[in-house]
Amino acid sequence: LPIRFDWRDKHVVTKVRNQQMCGGCWAFSVVGGIESAYAIKGESLEDLSVQQVIDCSYNNFGCSGGSTVNALNWLNKTHVRLVKDSEYSFKAQTGLCHYFSGSHAGVSIKDYSSYDFSDKEDEMAKALLAYGPLAVIVDAVSWQDYLGGIIQHHCSSGEANHAVLITGFDKTGNTPYWIVRNSWGTSWGVDGYAFVKMGANICGIADSVSAVFV
Amino acid sequence: ANGSHSGHVPPQRSEKGSAAFRESLRRHRYLNSFSSSDNSSAVYGINQFSHLFPEEFKAIYLRSKSSELPLCNKEVKMPTAHMP
């Protein structure tokens with residue numbers, strides 16, 4: 001493994017978005033993973049529609065909450081093509097699902113993989129390198145007040161409540177950390193990102209980890 | 001202060017926001033007390049969520065549910081294609 005790696009350096013990570021008052025973090029996390037996987041494959045990097053997933057993933061609850069694994073399961077079963085964000089823009093509330101014709105351009109997934117990597121964060125780092133950014137669920141209660149630095153206390157595992165996207169890791173300093181993209185806008189954290197200590201399942205970051213294949 | 005309802009934040013809401021803000025300041029002191037001397041520890045302070053009580057914050061923003069997943073007990077194979 002390299003001692004530092006970040007998919008942002010490869011220009012395959014879209015910008016930080018803002019979920020506003022919508023509890024759709026699960027959709028932002030999954031769509032972020034698909035956008036990156038598509039770009040890693042050599043296609044163009046573009047914002048895909050989070051609103052489409054919020055409105056149409058029937059096994060979730062839109063802006064009232066959801067699960068990344070349920071969303072991936074839905075995407076995998078239905079082979080729904082995610083359209084561009086500009087064609088189905090974010091409204092910060094759950095709406096009626098818009099359907100597009102079969103010929104409409106979009107990105108569908110081929111498969112996904114979801115595992116518990118607790119006690120195996122080195123394997124998780126390998127998965128990040130091999131497959132692309134990882135959609136994970138964390139306990140983000142203490143993230144309400146986060147300004148920057150490496151989160152290493154006040155975060156339990158087993159009480160996951162927020163979905164985010166891991167884009168990289170950094171082991172160059174005394175405290176190795178995951179680089180985590182959030183969906184609370186760029187004014188939160190470090191330009192919208194947080195850093196979470198590696199190797200101790202801080203915030204339960206390794207408990208529910210998903211990679212997507214397009 | 002003059003009892004008027006000027007501005008777009010109702011007085012009641014503002015009072016609640018102030019109480020939440022005071023609680024946030026207390027919380028920041030506690031969270032920052034764990035910082036280590038190497039300057040890498042997380043720093044906590046005032047941001048766009050400081051006017052919310054933790055319960056409100058959780059109700060709005062922390063709405064994801066986790067799923068029981070199998071433990072990853074095999075070595076991740078590093079593919080040669082698309083490797084950075």
Side-chain angles (χ1 to χ4, degrees), chain A residues 2 5 7 10 19 21 23-26 29 40-42 61 63-70 114-120 123-124 126-127 129-130 137 140-142 144-154 160-163 173-175 177 184-185 187-189 194-195 204 207-209, chain B residues 9 13 16-17 19-84:
Chain A
F5 181 78
W7 282 109
K10 311 285 177 195
Q19 67 185 76
M21 300 278 278
C25 55
W26 55 277
S29 165
I40 291 166
K41 198 181 157 190
F61 303 96
C63 283
S64 301
S67 134
T68 50
V69 176
N70 284 358
S114 296
Y115 280 106
D116 176 345
F117 278 93
S118 46
D119 299 327
K120 299 219 173 211
E123 289 300 310
M124 188 170 147
K126 277 193 207 169
L129 272 132
I137 315 278
V141 168
S142 68
Q144 178 178 359
D145 306 296
Y146 177 75
L147 296 181
I150 305 170
I151 297 169
Q152 35 195 313
H153 308 287
H154 323 295
N161 43 40
H162 184 51
N174 290 335
T175 309
Y177 60 87
W184 294 341
S187 60
W188 180 88
F195 307 127
D207 283 337
S208 177
V209 181
Chain B
V9 181
R13 168 91 183 260
K16 194 181 168 197
F21 191 79
R22 283 193 297 274
E23 190 178 311
S24 291
L25 295 179
R26 278 196 293 274
R27 204 169 54 241
H28 301 160
R29 274 197 294 276
Y30 169 75
L31 293 170
N32 287 324
S33 68
F34 284 75
S35 294
S36 58
S37 53
D38 65 358
N39 285 333
S40 67
S41 284
V43 178
Y44 301 89
I46 296 163
N47 66 11
Q48 69 264 46
F49 302 128
S50 299
H51 66 290
L52 295 173
F53 284 109
E55 311 83 63
E56 293 176 302
F57 174 74
K58 200 170 177 184
I60 300 168
Y61 296 100
L62 307 183
R63 305 298 297 260
S64 190
K65 293 160 186 66
S66 58
S67 311
E68 279 287 310
L69 293 174
L71 274 169
C72 178
N73 47 21
K74 54 188 176 190
E75 202 170 303
V76 174
K77 296 243 174 9
M78 303 287 276
T80 49
H82 307 305
M83 271 294 289

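Naming: A, B, ... by sequence-line order, numbering from 1 per chain.
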- Message: Quick one: does any side-chain atom of B:N47 pair with a main-chain N or O of A:Q144 as donor and acceptor, under 3.5 Å?
- Response: yes
- Note on the structure: Pair count under 4.5 Å, heavy atoms only, with chain B: among A:F61, A:W184, A:Y146, highest is A:W184
- Select one option (side chain, backbone, both, neither) describing which atoms of B:F57 are under 4.5 Å from chain A's heavy atoms. side chain
- Message: Can you tell me which of A:G149, A:S29, A:C63 forms the most heavy-atom pairs within a distance under 4.5 Å of chain B?
- Response: A:G149
- Looking only at heavy atoms, the pair that brings B:L69 and A:V209 closest together is CD1-N, 4.0 Å
- Using non-hydrogen atoms and a 4.5 Å limit, figure out which bit of A:I150 sits close to chain B: side chain, backbone, both or neither. both
- Message: Could you tell me if the side chain of A:M124 sits less than 4.5 Å from the side chain of B:C72, heavy atoms only?
- Response: no
- Take atom CZ of A:F117 as the centre, draw a 6.0 Å sphere, and report whether it contains more than 12 heavy atoms from other residues, nucleotides or ligands. yes
- Item | Contacting region of A:E123 [heavy-atom separation from chain B under 4.5 Å] | both
- Item | For chain B, the option from A:G189, A:A163, A:G66, A:S67 that forms the most heavy-atom pairs under 4.5 Å | A:G66
- For B:Y30, the ring-ring contact (aromatic ring centres under 6.0 Å, His included) test, sequence neighbours excluded, returns A:H154, B:F34
- Spacing of CG belonging to B:N32 relative to CG belonging to A:D145, to within rounding of 0.5 Å: 9.0 Å
- What's the shortest heavy-atom distance between A:M21 and B:Y61, and which atoms? SD-OH, 3.7 Å
- Item | Gap separating the CD1 atom of A:I137 from the CG atom of B:L62, nearest 0.5 angstrom | 11.5 Å
- Which is it for A:S118 and B:L71 under the side-chain contact (heavy atoms from CB on, under 4.5 Å) test, yes or no, and what are the steps along the way? CA-CA 8 Å; A:S118 46; B:L71 274 169; 4.0 Å; yes
- Query: Say you draw a straight line from CZ of B:R63 to OG of A:S64; how long is it, rounded to the nearest 0.5 Å?
  - Reply: 5.5 Å
- Query: How about B:S67 and A:T68: do any of their side-chain heavy atoms sit closer than 4.5 Å?
  - Reply: no
- Flag the one option from A:G24, A:P2, A:S114 with the top tally of heavy-atom pairs under 4.5 Å to chain B. A:S114
- Message: Is B:K58 in contact with chain A via its backbone, its side chain, both, or neither, using a 4.5 Å heavy-atom distance?
- Response: side chain
- Item | Any donor-acceptor N/O pair, B:S64 side chain to A:N161 backbone, under 3.5 Å | no
- Item | More than 12 heavy atoms of other groups within 6.0 Å of B:E68 CD | no
- Quick one: does B:Q48's side chain have a donor or acceptor within less than 3.5 Å of a partner on A:G185's backbone? no
